[in-house]
Structure formats: C-alpha cells, structure tokens
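Remarks on the structure that follows.
Source: prediction; values computed, not measured. Just so you know, ligand 1 is whichever comes first in the structure, and atom 1 is the first atom listed for that ligand.
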Amino acid sequence: MVAQAQLPPGAVTADALRAHVSFLASDALEGRNSPSKGLDIAAEYIASRFRATGLKPMGDDGYFQTADWTRSQVNPEGFVLALESAGKRYDIAYSDVTMDAAPATSLEGVAVVKLSMEEAAIAPDEAIRGKALLIGLPPIDRTVGQRFGALRRRLLKLSPAAAIFIAEGAVPPSRGGATLRSPADTPLLPIVVVRKPELATLTEAKLTLKLAAAIETPARMRNVAGLLEGTDLKDQVLIVSAHYDHLGLAASGKDVVFNGANDNASGVAGVLEVAASLAKLPTRPRRSILFLTFFAEEKGLLGARHYTLHPLVPLSQTIADLNFEQLGRTDSSEGANLDMVNMTGFDFSDVKTALAAAGALTGVRLVKHEKASDQFFGASDNLPFAEKCVVAHTVSVTYAFPDYHQLGDEWQKLDYDNMAKVVRMLGTGALFLADQASRPVYDAENAATANYRACHP
Ligand SMILES: [Zn+2]
C-alpha cells in the first residue's frame, strides 16, 4: 500500500462551516433566487473566499463565468383565446390557462390539427411545423409529465404556429410564468394548457389566439470558478461543485425568505472548506481541482448546463464531478443520518472506491440508499456532466429532510460537528481521486449507465 496524502491536521472546522452557511442563508440574501441581488452577493462571497484561498481565477471576469441571459415573463395583456366548432364559440379566460412566456401572436380563425400526445410525439415534422395544434393532455402523472416535457422540447424545435393543450384532468404545475433563456435557446412559442376538460372532445375547430409579447428583462447570472493547480497530471481536472442559488422569496407571509441553508449553502460551505484545506497541503495533488459553484439549479440545473456547454477546462480532460448537496442536516425524513454520506448513482462508477477509502480514514460511512441512489442521479447538477459522459455524482448527508424547500430551512438547524467530519471525508476523497493512478470510469456492466457512456467508445 502506498501511503495516501491526507488533509492537513485541523482542516475543516465546524465554526468555519457555520460562518459560511449563516451568511449565505441569512435573510439579507433573500433566498438567492436566480437572478437576484442576493444571488450576486452570494457569488461575491464565494469569489472572495476563493481569493483568500489563492485559487486561480478561471472565469471570463475573474472568478465569474458570466451568463448574459434573458428573463421572459408571461404578459397577460389583451389575452384572447377562443375555439369555434360546429357554430359554437368557446371563449377561454386567462384564469383558465397555464402558459409559458410567449411571443406576440395574432391568429384569427385558423383551422387546428387535433392530435393526441402519442400522435404529436411521432407525427412527421411537416405535420407540426407552422400548424395550429390542439392536443389532448391526459391527467398528469410522472410518465405523462415526462412525455409532456419531451413533446414541449420537440415543439420548440419545430415551431408550430401555436400548441393548445386541452387538459383532461389535473394540469402540470405552473412554471411561474417566467423562463430564463440563454442566447442559444430556441425562440419562444405559444404553448397554452387549457383547464377545460369539456373541450377535450372537440375534433375540429378554428382557433383565435391573441398574445402580447413576453416581457423581457436582462438576466445576468454567474457561475464561480477557481482552480487549484495540480502537479504532474495538472492538465486533468477534478471538479468539486455545488449550487449556490435557492428559491428566493415567498409571495407573502410573516417569514418570506427561503433561506436554503441545507439546500444548498451547506454544499457551498463544503466546497469552500475543501478548497481551503487542500490549498494548505505541503504537496499539491497530482491533478488540478476546479472548484465550481452554480446558479439556477433550482430553475432546472441551468448553471451546470451552462458550464457543460461552455467548459472552462475541456470535458475530455475532466476526470469527474463530485457535486455537494445538503451536507448539514442529519435529520433525514427516515431517521438520523450521523457519520454517513449518501451518493447518487452509487453503483454507476468506481468513484465509490475512493470515497469509501476516504470514509474509512475519517470515520464516515459511504452508504447506498437502495431507492434514492439511482432515482436522484438525475435530480442535481451532476446530471449535465453525466449527459456529456463525465463521471459525475452528487453526495449528500440526507435525501429528503423535514424543511426541504420550505421557509424553515435555516442555518441554526444544521449539525456543524457532523458536517465538519463529512466535509473532511469528502475533501480526503477528492484528494484520493485527484491523486489516484487511473481516471474514474462508469461501470460498463451497469445498464443504467449506458447513456452516460455513449459519448466515448
Ligand atoms: Zn439543492
């Protein structure tokens, strides 16, 4: 056995973690919505800590990787939606629809093409492009929700004149009426879900649709990136990441701040302290480590996706992403999770070997949650990396916990002593991965990893 490098003695204290989390999750940062002033302040704080640690700035603006996006907000002004069929006109009020931000639209008495979800999914492109579509939407469950998402992406590519979904039951949750869009995104499209099941039987109709253009405002958001340069393998990079955004403010109430202490000020605090500890080592790890924090995870992994489309180090040189989430709370909804770390996609790669070894050294168990391990693989910022065939996992202390996405996710409720142990374990694991002879690989025997191995032979 070769003696493995370890974190410096005294690395990662409960006090340091508490200091980071209590600031990032304070009411002053107003829940770090993407985009918001609170998000910007959090980014400045992270950059400031990277500066103190002496990491190399990797962004286009010091430590910041800038995303100049647009926020498009539904504009209900002058909304008209009507269907005429067999001499009857059905006017649909704005209060009876759920819709995304749309472009200015003016359709008057245009014949619709009626399709089922199945038909719309496989219809030839010409049957969709430029057409006014009327599509039946079955009651939403998980499968229908996924099919709706996939169909929505197809429609955005093919640009029908409009897509009117008639919900036959419960409707997908509102997307808040606003979308964050990058300059590379497809143009907006009038996609309207109508909550009028009685209209589901219409087979032919003429559509009238008047929509005002979405209200667009600039949305500048930033990932924060700092590099700890390695030694003999420094062109290869391990990413240690966490999202720093959260849900922002509630519309009304006594407490309106979604503080997001465990989700995910705790993961950011972990990144900051792993960086600070590894930077103090007398000998640098062999590979470089890129410390990365993301915007807009809560809006659909947008910051991580932005990174994988514009990587600061080639993804082919990126050996793995170790993504931190929910490191502070031990009160899992299933009982106490002390001295243990969960990992999504536990059996997907050999990253578990390095982390289990780090756990043995630091007194923390790496565990596999039978149900959640695979199920949550696609639920955090590791996913965009996996989809580009980079080995990527999210580690956390708990999956579900009582204040998840609630106003009560506050910094006082975290167990900082346990968290310090966990972060030492994760820092040691990162060090092992950066130092080990071979790069981690997805398990070729595991069918669940097929999509994540398809980019490389
Ligand atoms: Zn999270």
(message) Taking side-chain hydrogen bond (donor to acceptor under 3.5 Å, both in side chains) as the definition, give me every residue that meets it alongside T66, ordered by chain and number, with sequence neighbours left out.
(response) D60
(message) I'd like the atom name of the N/O/S atom in H243 lying closest to the Zn ion (ligand 1).
(response) NE2
(request) Kindly write out the residues that satisfy side-chain hydrogen bond (donor to acceptor under 3.5 Å, both in side chains) with D68, not counting sequence neighbours, or none if the list is empty. (result) R220
(message) Within 2.8 Å of the Zn ion (ligand 1), is there any N, O or S atom belonging to H246?
(response) no
(message) Would you say H405 and E298 are linked by a side-chain donor-acceptor pair, where the criterion is simply a distance under 3.5 Å?
(response) yes
(message) Rounded to the nearest 10°, what angle sits at the Zn ion (ligand 1) between OE1 of E325 and OD1 of D263?
(response) 110°
(message) For F64, does the six-membered ring have the charged nitrogen or CZ of R222 within the cation-pi criterion, i.e. under 6.0 angstrom from the centroid and within 45° of the normal?
(response) yes
